[in-house]
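First the proteins, then the strands, lettered A, B, ... as listed; each starts at 1.
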2 protein chains.
Amino acid sequence: MNERPELTRNQTLVLSKLEGQEGPLSAYQLLDLLRDDGFRAPLQVYRALDKLMRAGLVHRLESLNAFVACSGHAHAHAGDVTAFAICDQCGQVIELSDRLVSERLDEWVSKTGFKPTGAVLEFRGACAACQARAA
Amino acid sequence: MNERPELTRNQTLVLSKLEGQEGPLSAYQLLDLLRDDGFRAPLQVYRALDKLMRAGLVHRLESLNAFVACSGHAHAHAGDVTAFAICDQCGQVIELSDRLVSERLDEWVSKTGFKPTGAVLEFRGACAACQARAA
DNA sequence: CGCAGTTGTGTTATTCTATTACGTATGCCA
DNA sequence: TGGCATACGTAATAGAATAACACAACTGCG
Ligand SMILES: [Zn+2]
Ligand SMILES: [Zn+2]
Ligand SMILES: [Zn+2]
Ligand SMILES: [Zn+2]
């Protein structure tokens with residue numbers, strides 16, 4: 001479905017930093033992590049992120065102004081909305097995708113006459129591990 | 001439920017600008033609109049917005065970095081999640097709130113063990129009027 | 001081959017968004 | 001009166017994203 005396109009050096013570097021990370025990273029955090037690899041300006045990061053997002057390999061978290069590597073198994077979300085559960089304690093992000101939920105949400109919103117083309121669905125709270133830790 | 005607290009002059013000014021507007025406004029747009037009323041610095045806007053958001057009178061749209069006056073009738077959303085349908089053509093924002101949808105979403109997310117305390121739900125697309133106009 | 005079109009790059013500067021820090025004023029209540 | 005909470009004004013700074021310009025590499029094509 002979403003064949004991994006050829007990635008350039010910069011794109012590969014950005015993606016690998018995101019993949020080697022539990023939680024999301026901001027563009028400027030990425031920049032700092034990539035200084036040793038020759039990155040000098042924000043635009044180098046943003047351009048790579050842009051490509052990676054269009055390829056579906058990276059997601060942007062609007063409520064954090066940060067980016068995370070896609071964790072969808074075999075790249076599940078084809079057309080379905082993707083939701084994110086962001087733990088405010090440990091920063092971990094869980095990616096959720098479900099055909100049925102997508103359809104129900106679409107239906108709900110469409111009732112108003114609105115025709116959605118995209119959605120931002122981000123839940124904030126505590127992941128299972130952090131709840132256990134707090135108990 | 002959410003009795004309107006006493007609002008100060010600055011808070012009243014910010015709220016009235018938002019209420020007299022079809023779509024959302026950024027903090028800096030608000031600042032510009034309020035120069036004649038003596039506003040000089042972003043912080044004056046942000047502080048007022050902060051209070052207004054905590055009072056539930058204003059919402060922040062994460063995907064736009066902008067703010068909109070609450071349009072909930074009689075202040076419906078007490079505990080329920082609020083979703084926003086943002087028209088990318090005309091900028092109008094529709095506020096959606098539904099007990100059943102809230103519960104279903106909560107259920108869905110909770111299945112992973114995640115315990116949500118808040119949510120950002122923003123749909124992008126075209127409102128009914130703009131679809132008609134495009135047809 | 002020569003050349004246009006596309007994509008990626010590097011650099012600088014600028015814009016837009018949000019917060020920190022510091023000082024002041026005001027009302028409330030012990 | 002003194003302490004506390006809330007709001008205010010201003011300046012400086014941090015953080016996020018884009019605009020503008022120039023160059024390199026690759027592709028497809030006449
Ligand atoms: Zn994904
Ligand atoms: Zn956690
Ligand atoms: Zn509302
Ligand atoms: Zn519209």
Kindly give the cluster partners of Val120(A), where membership spreads through any ILVMFWY side chain lying under 4.5 Å from a current member. Val120(B)

Minimal non-hydrogen separation, Ala83(B) against Phe123(B), with atom names: CB-CE1, 4.1 Å

Could you pull out all residues at least two apart from Phe84(B) that satisfy ring-ring contact (aromatic ring centres under 6.0 Å, His included)? His59(B)

Heavy-atom contact window of chain B on DNA chain C, given 5' to 3' at under 4.0 Å: dT17(C) to dA21(C)

Taking salt bridge (charged side-chain N to carboxylate O under 4.0 Å, His left out) as the definition, give me every residue that meets it alongside Asp50(A), ordered by chain and number, with sequence neighbours left out. Arg54(A)

Of Asn65(A) and Phe39(B), whose nearest nucleotide on DNA chain D comes first from the 5' end? Phe39(B)

Which residues satisfy the side chain to side chain contact (heavy atoms under 4.5 Å, CB included) test with Thr12(B), sequence neighbours excluded? Leu7(B)

For a 4.0 angstrom threshold against heavy atoms of chain B, report the outermost contacting nucleotides of DNA chain D in 5' to 3' order. dA7(D) to dT10(D)

Near-strand residues of residues 41-49 of chain A, defined as heavy-atom separation under 4.0 angstrom from DNA chain D: Leu43(A), Tyr46(A)

Glu22(A): partners by side-chain hydrogen bond (donor to acceptor under 3.5 Å, both in side chains), with sequence neighbours left out: Gln92(A)

Could you list the residues that satisfy side chain to side chain contact (heavy atoms under 4.5 Å, CB included) with Arg47(B), not counting sequence neighbours? Leu43(B)

Show me the pairs that pass salt bridge (charged side-chain N to carboxylate O under 4.0 Å, His left out) and involve residues 114-131 of chain A, at least two apart or across chains. Asp88(A)-Arg124(A)

List for me each residue that meets salt bridge (charged side-chain N to carboxylate O under 4.0 Å, His left out) alongside Asp106(A), sequence neighbours excluded, and say none if there are none. none

Quick one: list whatever passes side chain to side chain contact (heavy atoms under 4.5 Å, CB included) with Asp98(A), sequence neighbours left out. Leu100(A), Val101(A), Trp108(B)

